[in-house]
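Take a look at the structure below.
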Amino acid sequence: MEAMALSFTFSGIPPLRTTSNLSSKFCISCSLAKTLDKPLFSAPTNSTSNAPLNSAQSNSTHKPFKIARRDAIDGIKTASDLESALQRAEGILQVEDYNIVLRYFCESKKWSHFSQLFEWMQAHDEFNVGSYSTYFKYMGLSRNPVKALKVYDNIKDVEIKLHPSVCNSVLGCLVRNGRTESALKLFDQMKSDGLLPNLVTYSTLLTGCSKLKNGYATAMELLKEIKAQNLGMDSVIYGTLLAICASNNRREEAELYFQQMKNEGHSPNLFHYSSLLNVYAEDRDHTKAQMLINDMKSVGIAPNKVVLTTLLKVYARGGLFEKSKELLAELETLGYAQDEIAYAILIDNLAKQGKLDEAKKIFADMNEKCVKSDGYSHMIMISALCRSRLLEEAKQLAKEYESKYAKYDDVVILNTLLRAYCNNGDMESVMQMLKRMDEVGISPDWNTFHILIKYFSKEKLYHLAYKTIEDMNSKKHQLDEELCTSVMIELGKAGYPSEAFSVYNMLRYSQRKLQKSLHEKILQILVAGGLLKDAYLVTKDFSESISDRSMEKFARAFMKSGNVNLINDVLKSYHQSRKKISPEIFNIAITRYFQRREKKELLLHLLRWMAGQGYCVDATTRNLLLKNAHLFGSKQIIADILANQQVANSKLNGRSKSRHNKK
DNA sequence: CTAGGGTTAG
């Protein structure tokens, strides 16, 4: 079991997103015809000399050539042996022809042929800017940003390397594959190498920003650059900006850009409206949302399924459930409610606003109507049931989901099921979920760790909880202080002080503000567990957060069994923070030195230091010292120091009131 | 067709 909790694989590869819009935009035969027609029918500059006379002849000599080219292209497209097909085509095809085939290979997803052809083109010096742009674009589509970067790095021709379309396509490749950070870095490099970025460059990078968690600020930086360079704005840029505003809840800015865009003469399309509507949905502003829909209709844009579904979200989030249900009915009539989305929105909001029974009813209705479902509404219901602590029902539904859909392809699904099983204490199913997660190759996120730690802790599997905290920390997830602190305490109680200390350190170095009481808690655990040196380090760094009682308890424990070489250091540090070491503690320390006669220098050092600070030993200790002084071979020295201590002590007596002042 | 964007559910 332990092994399982630790066996998460973190491949770091973002989940695949399907990109299916390529083929529809792409028409091989059109592009083929265009490219082949160009050299044959475009007016040649020297046409006067041969045009009328040779037109018939020209047709007859070129036609076979045109056919030869087409054949050669087809030959490469369909070749099983690409190399020999390319050899046969040599001298017949031009760069543009190779580019056509390159695009064809991509469209038909023949990635190996695609790469092979591109390499061949490089080797035979048959490439232009377009070849590279195409190559990088398709490297983006085939999710191969690393390769793209390698190829880009190896471009020797500066003209190509700094050509905007080449740069843009490389940046686009990175952005598409979730590497916005490196795209931004590369962009800076390109600029300092001499790239003159254009609107497409910025639009590409802005798209990347929309995928970053804190991308809004970066987006604004890029926007400044666009302004500084007077590149102007177009409706694509506005589209991206509105999407960024929507996902960052920037209502005012979204409204501003929307207006600005209209002022500059760009008519907003369905998507621009949709993004703005999203902002209103987040804000639960149904009035503005309704106005926007009306505005949209008045300019002749019919709200589609997505827009109407978003409107339903506005109503539902705003608690307007009657209106929501009316709109749902309308969506049903329009045929826009064939899938579960609208139902899911309504169910979620009903449940979140305390109307679980109504939510259940909509869920049941939906299932009766045989609405197409991928299991999302199950997820929503399971979460809702867990929140309401209807744990048995939640588990039932989780099992139903598993048997009905058996879909585990994202972390939210796995977390939801995991939570349902954890809440029920169904260990077997929990472990099954973890195994699934591993098999599917999904990285646990913050929630996964949190659910598991809570569960292991509840089940008193503190060591597993500890291992999971360790794992969470190493994956750079912010630790939950409250949860980790409780695990830390339990680890202490269960006799695992060093694990507890390790949890403490993870919290301590997690760069955020912590409860002051944390330090005292770990100190108590360390003292009880005999990890006195670690305890010493805690007291040194956080003495202000530690109560006098705990401090004293620590000091006693340390004098009694801590590292004898550190006794004086501990006392000095204690003195620095408190200035009131009790005679009893000194007594324990000195008794300790009696057991270790070879440490007599340390003892003498301590006695002198005590005198200097105005401390004196109590009567018992004093007698003990004098009686045993000969054992240290320093009878006279000890007597002298003790005499000094008394003097010092009587001198300092009057100052004892001011000892609260630290340092 | 040398490069860029967009909306809904957990």
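Lettering of chains follows the sequences in order, A, B, ..., and the numbering in each one begins at 1.
- Note on A/N415: nothing from the nucleic acid sits closer than 4.0 angstrom, heavy atoms only.
- The environment of A/K407 atom NZ is dense: over 12 non-hydrogen atoms of other residues, nucleotides or ligands sit within 6.0 angstrom.
- Closest to the A/P164 side chain, of the nucleotides B/dG4, B/dG10, B/dA3, is B/dA3.
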Apply the test ring-ring contact (aromatic ring centres under 6.0 Å, His included) to residues A/F127 and A/Y132: give CA-CA distance (whole Å), side-chain angles for both, the deciding distance (0.1 Å), then the verdict. CA-CA 8 Å; A/F127 57 83; A/Y132 275 101; 5.4 Å; yes
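- Contacts of A/N99 with the nucleic acid, taken as non-hydrogen atoms under 4.0 Å apart, are absent.
- Residue contacts for A/S210: at a heavy-atom cut-off of 4.0 Å it reaches no nucleic acid atom on any strand shown.
- A donor-acceptor contact shorter than 3.5 Å links the side chain of A/W446 to the backbone of A/Q478.
- Using a 4.0 Å heavy-atom cutoff across all strands shown, A/N198 reaches at least one base atom of the nucleic acid.
- Nucleic acid contact for A/D339: none, since no nucleic acid atom lies under 4.0 Å from a heavy atom of the residue.
- A/H378 comes within 4.0 angstrom of nothing in the nucleic acid, heavy atoms only.
- Residues A/R387 and A/K352 meet the side-chain proximity criterion, which asks for heavy atoms closer than 4.5 Å.
- More than 12 non-hydrogen atoms from other residues, nucleotides or ligands lie less than 6.0 angstrom from CG of A/L256.
- Near DNA chain B, defined here as any heavy-atom distance below 4.0 Å, the residues from residues 294-322 of chain A are A/K305, A/V306, A/T309, A/T310, A/K313, listed numerically.
- Within 3.5 Å, a donor on the side chain of A/S203 pairs with an acceptor on the base of B/dG4, or the reverse.
- Base contact: A/I237 has a heavy atom under 4.0 Å from a base atom.
- A donor-acceptor contact shorter than 3.5 Å is absent between the side chain of A/H477 and the backbone of A/H450.
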